[in-house]
Amino acid sequence: MKPTIYIDADACPVTSETMAVARRSSIPVVIAGNSTQNLARHIRRSDPREPRDGFWASTLPVGVGADAADFAIVQELQPGDIVVTQDIGLAAMALGRKAAAIGVRGRIYELATIDSDLQMRHLEANVRRRGGRTKGPAPFENDDRERFTDNLQRLVEQALRTD
(Lines give C-alpha, C1' and ligand atoms only; values in the text may rest on other atoms or scores of the structure.)
Protein backbone atom coordinates (compact mmCIF):
# COMPACT_ATOMS: atom_id res chain seq x y z
CA MET A 1 0.00 0.00 0.00
CA LYS A 2 1.32 3.45 -0.90
CA PRO A 3 2.18 5.81 1.92
CA THR A 4 0.10 8.90 2.54
CA ILE A 5 1.69 12.24 3.37
CA TYR A 6 -0.06 14.12 6.17
CA ILE A 7 0.61 17.84 6.47
CA ASP A 8 0.17 19.53 9.84
CA ALA A 9 -0.91 22.69 8.04
CA ASP A 10 -1.07 25.12 10.95
CA ALA A 11 1.66 27.65 10.06
CA CYS A 12 3.30 25.24 7.61
CA PRO A 13 5.56 27.10 5.15
CA VAL A 14 6.16 24.08 2.88
CA THR A 15 2.65 22.96 1.96
CA SER A 16 3.09 23.72 -1.76
CA GLU A 17 6.45 21.90 -1.82
CA THR A 18 4.86 18.88 -0.15
CA MET A 19 2.03 18.88 -2.66
CA ALA A 20 4.53 19.03 -5.54
CA VAL A 21 6.46 16.01 -4.21
CA ALA A 22 3.20 14.08 -3.75
CA ARG A 23 2.06 14.88 -7.29
CA ARG A 24 5.42 13.86 -8.81
CA SER A 25 5.52 10.67 -6.78
CA SER A 26 1.84 9.81 -7.31
CA ILE A 27 1.06 9.39 -3.63
CA PRO A 28 -1.89 10.74 -1.65
CA VAL A 29 -1.71 13.76 0.61
CA VAL A 30 -3.98 14.92 3.44
CA ILE A 31 -3.81 18.50 4.69
CA ALA A 32 -4.91 18.75 8.32
CA GLY A 33 -5.53 21.99 10.12
CA ASN A 34 -7.82 24.28 12.00
CA SER A 35 -11.26 24.40 10.45
CA THR A 36 -11.03 28.20 10.17
CA GLN A 37 -8.21 27.91 7.61
CA ASN A 38 -8.83 27.61 3.90
CA LEU A 39 -7.04 24.27 3.57
CA ALA A 40 -8.45 23.59 0.11
CA ARG A 41 -6.51 26.54 -1.35
CA HIS A 42 -3.52 24.23 -1.65
CA ILE A 43 -5.40 21.75 -3.84
CA ARG A 44 -5.71 22.33 -7.59
CA ARG A 45 -9.06 21.89 -9.28
CA SER A 46 -7.52 19.13 -11.38
CA ASP A 47 -6.31 17.19 -8.32
CA PRO A 48 -8.45 14.11 -7.65
CA ARG A 49 -10.17 14.35 -4.26
CA GLU A 50 -10.99 10.72 -3.67
CA PRO A 51 -8.71 7.79 -2.90
CA ARG A 52 -7.64 5.77 -5.91
CA ASP A 53 -4.35 4.44 -7.18
CA GLY A 54 -1.78 7.17 -7.22
CA PHE A 55 -2.06 10.80 -6.23
CA TRP A 56 -5.14 12.31 -4.61
CA ALA A 57 -5.53 15.19 -2.21
CA SER A 58 -7.94 15.87 0.61
CA THR A 59 -8.33 18.02 3.67
CA LEU A 60 -8.90 17.05 7.27
CA PRO A 61 -10.47 20.04 9.00
CA VAL A 62 -10.28 19.86 12.79
CA GLY A 63 -11.52 21.90 15.72
CA VAL A 64 -9.82 24.95 17.16
CA GLY A 65 -8.45 23.24 20.30
CA ALA A 66 -4.78 22.87 21.05
CA ASP A 67 -3.27 19.83 19.32
CA ALA A 68 -6.56 19.00 17.56
CA ALA A 69 -4.80 18.57 14.20
CA ASP A 70 -2.06 16.48 15.80
CA PHE A 71 -4.48 13.98 17.31
CA ALA A 72 -6.57 13.83 14.13
CA ILE A 73 -3.45 13.00 12.10
CA VAL A 74 -2.25 10.35 14.56
CA GLN A 75 -5.66 8.69 14.47
CA GLU A 76 -5.36 8.29 10.67
CA LEU A 77 -1.70 7.20 10.47
CA GLN A 78 -0.64 3.84 9.12
CA PRO A 79 2.89 2.38 9.25
CA GLY A 80 4.96 3.85 6.42
CA ASP A 81 3.01 7.12 6.18
CA ILE A 82 4.87 10.43 6.34
CA VAL A 83 4.03 13.43 8.53
CA VAL A 84 5.19 16.98 7.78
CA THR A 85 5.20 18.96 11.02
CA GLN A 86 6.98 21.57 13.12
CA ASP A 87 5.68 19.89 16.27
CA ILE A 88 8.12 17.53 18.00
CA GLY A 89 5.25 15.97 19.98
CA LEU A 90 3.43 15.03 16.79
CA ALA A 91 6.69 13.74 15.30
CA ALA A 92 7.16 11.51 18.36
CA MET A 93 3.61 10.15 18.08
CA ALA A 94 4.12 9.49 14.35
CA LEU A 95 7.34 7.58 15.00
CA GLY A 96 5.49 5.57 17.64
CA ARG A 97 2.97 4.57 14.97
CA LYS A 98 5.83 3.44 12.67
CA ALA A 99 5.37 6.43 10.36
CA ALA A 100 8.10 8.83 9.29
CA ALA A 101 8.20 12.48 10.36
CA ILE A 102 9.98 15.43 8.79
CA GLY A 103 10.25 19.01 10.00
CA VAL A 104 9.59 21.99 7.75
CA ARG A 105 13.32 22.76 7.57
CA GLY A 106 14.04 19.26 6.29
CA ARG A 107 15.05 17.54 9.50
CA ILE A 108 14.03 13.90 9.49
CA TYR A 109 13.05 12.89 13.01
CA GLU A 110 14.59 9.64 14.26
CA LEU A 111 13.53 7.22 16.99
CA ALA A 112 17.10 7.31 18.35
CA THR A 113 16.94 11.05 19.13
CA ILE A 114 13.26 11.90 19.60
CA ASP A 115 13.41 11.45 23.39
CA SER A 116 16.18 14.03 23.71
CA ASP A 117 14.25 16.36 21.39
CA LEU A 118 11.21 16.06 23.67
CA GLN A 119 13.36 16.62 26.75
CA MET A 120 14.84 19.79 25.24
CA ARG A 121 11.34 21.06 24.38
CA HIS A 122 10.25 20.40 27.95
CA LEU A 123 13.25 22.20 29.47
CA GLU A 124 12.77 25.24 27.22
CA ALA A 125 9.07 25.38 28.08
CA ASN A 126 9.97 25.36 31.79
CA VAL A 127 12.35 28.29 31.29
CA ARG A 128 9.64 30.27 29.47
CA ARG A 129 7.04 29.46 32.16
CA ARG A 130 9.37 30.94 34.77
CA GLY A 131 9.68 34.14 32.75
CA GLY A 132 12.97 33.28 31.08
CA ARG A 133 13.77 33.59 27.43
CA THR A 134 14.92 30.97 24.98
CA LYS A 135 16.40 31.42 21.55
CA GLY A 136 13.74 31.38 18.84
CA PRO A 137 14.09 29.76 15.45
CA ALA A 138 16.27 31.31 12.76
CA PRO A 139 14.46 32.98 9.85
CA PHE A 140 13.07 30.51 7.33
CA GLU A 141 15.35 30.57 4.27
CA ASN A 142 15.34 29.16 0.73
CA ASP A 143 18.01 26.67 1.85
CA ASP A 144 15.51 25.32 4.39
CA ARG A 145 12.91 24.93 1.65
CA GLU A 146 15.36 23.09 -0.63
CA ARG A 147 16.59 20.81 2.17
CA PHE A 148 12.99 20.01 3.03
CA THR A 149 12.08 19.13 -0.56
CA ASP A 150 15.17 16.94 -1.03
CA ASN A 151 14.68 15.08 2.25
CA LEU A 152 10.93 14.61 1.71
CA GLN A 153 11.61 13.17 -1.74
CA ARG A 154 14.14 10.79 -0.15
CA LEU A 155 11.58 9.69 2.48
CA VAL A 156 8.97 9.10 -0.21
CA GLU A 157 11.39 7.02 -2.29
CA GLN A 158 12.29 4.92 0.78
CA ALA A 159 8.61 4.40 1.60
CA LEU A 160 7.81 3.35 -1.96
CA ARG A 161 10.72 0.85 -1.99
CA THR A 162 9.47 -0.84 1.18
CA ASP A 163 5.89 -0.82 -0.11
Side-chain angles (χ1 to χ4, degrees), residues 1-34 37-62 67 69-118 120-121 137-163:
M1 191 161 134
K2 285 188 174 191
T4 299
I5 298 176
Y6 288 87
I7 303 172
D8 181 7
D10 295 335
C12 182
V14 290
T15 302
S16 61
E17 289 80 4
T18 305
M19 294 293 291
V21 169
R23 285 183 190 103
R24 279 193 310 270
S25 303
S26 295
I27 62 172
V29 64
V30 176
I31 306 169
N34 184 301
Q37 297 178 1
N38 179 9
L39 300 176
R41 74 184 182 279
H42 301 289
I43 302 174
R44 296 178 186 160
R45 285 185 192 195
S46 60
D47 289 341
R49 299 289 185 105
E50 302 204 0
R52 24 177 126 133
D53 291 338
F55 172 75
W56 55 268
S58 69
T59 60
L60 180 60
V62 298
D67 301 323
D70 299 355
F71 294 124
I73 289 170
V74 169
Q75 199 169 10
E76 299 289 322
L77 281 178
Q78 298 296 316
D81 287 344
I82 300 168
V83 177
V84 175
T85 185
Q86 297 186 68
D87 186 323
I88 294 169
L90 174 55
M93 290 187 283
L95 293 174
R97 303 271 318 223
K98 296 187 175 22
I102 183 171
V104 299
R105 293 176 187 265
R107 178 175 180 217
I108 298 172
Y109 292 99
E110 303 285 342
L111 265 177
T113 58
I114 198 69
D115 286 341
S116 62
D117 294 336
L118 288 167
M120 183 60 72
R121 179 183 78 162
F140 192 77
E141 307 267 340
N142 282 335
D143 288 348
D144 297 318
R145 198 174 301 282
E146 290 173 22
R147 184 179 323 102
F148 170 81
T149 302
D150 292 345
N151 287 346
L152 178 60
Q153 186 64 51
R154 193 175 358 230
L155 278 178
V156 167
E157 290 168 4
Q158 286 175 344
L160 290 173
R161 277 195 302 270
T162 60
D163 183 33

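- Atom CG of Asn38 sits in a crowded spot, with more than 12 heavy atoms from other residues, nucleotides or ligands closer than 6.0 Å.
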> Under the side-chain contact (heavy atoms from CB on, under 4.5 Å) criterion, do Asp117 and Arg107 qualify, and how do the steps go?
Replying inline: CA-CA 12 Å; Asp117 294 336; Arg107 178 175 180 217; 2.7 Å; yes
>> Using side-chain contact (heavy atoms from CB on, under 4.5 Å), reason through Phe140 and Val14 one step at a time and then give a plain yes or no.
In response: CA-CA 10 Å; Phe140 192 77; Val14 290; 3.7 Å; yes
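- For the side chain to side chain donor-acceptor pair (under 3.5 Å) test, residues two or more places apart in sequence or in another chain that qualify with Arg105 are Asp144.
- What you find for Arg49 and Trp56 is that their closest heavy atoms are O-CE3, 4.3 Å.
- The closest side-chain heavy-atom distance from Val84 to Phe148 is below 4.5 Å.
- Heavy atoms of other residues, nucleotides or ligands lying less than 6.0 angstrom from CZ of Arg41 number more than 12.
- Distance SG/Cys12 to NE2/His42: 8.0 Å, rounded to 0.5 Å.
- Atom CD of Glu76 sits about 9.5 Å away from atom CZ of Arg97, to the nearest 0.5 Å.
- We find the CZ-CD distance between Arg154 and Glu157 to be 8.5 Å, quoted to the nearest 0.5 Å.
- In this structure, Asp70 contributes its side chain and Leu90 its backbone to no donor-acceptor pair below 3.5 Å.
- Between the CD atom in Gln158 and the CD1 atom in Ile108 there is a gap of 6.5 Å [rounded to 0.5 Å].
- Looking at every heavy atom in both residues, Leu160 comes nearest to Pro3 through CD2-CD, 3.8 Å.
- Between Ile73 atom CD1 and Leu60 atom CG the span is 7.0 Å, to the nearest 0.5 Å.
- Applying the salt bridge (Lys or Arg N to Asp or Glu O under 4.0 Å) rule to pairs touching residues 6-26 yields Glu17-Arg145, Arg23-Asp47, sequence neighbours excluded.
- Asp81 contributes a side-chain N or O that, together with a main-chain N or O of Thr4, makes up a donor-acceptor pair within less than 3.5 Å.
- Listed by chain and number, the residues in a side chain to side chain donor-acceptor pair (under 3.5 Å) with Ser25 are Gln153 (sequence neighbours excluded).
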> Taking it one step at a time, do Phe55 and Lys2 satisfy side-chain contact (heavy atoms from CB on, under 4.5 Å)?
Replying inline: CA-CA 10 Å; Phe55 172 75; Lys2 285 188 174 191; over 6 Å; no
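- Thr85 places a side-chain N or O within donor-acceptor distance of the main-chain N or O of Asp87, the cut-off being under 3.5 Å.
- Closest of all the heavy-atom pairs between Ala100 and Ala94 is O-CB, 4.4 Å.
- The CD1 atom of Ile43 sits 5.0 Å away from atom CE of Met19, with the distance rounded to the nearest 0.5 Å.
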> Going through the distances and angles, do Leu39 and Thr15 end up as a side-chain contact (heavy atoms from CB on, under 4.5 Å)?
Replying inline: CA-CA 10 Å; Leu39 300 176; Thr15 302; over 6 Å; no
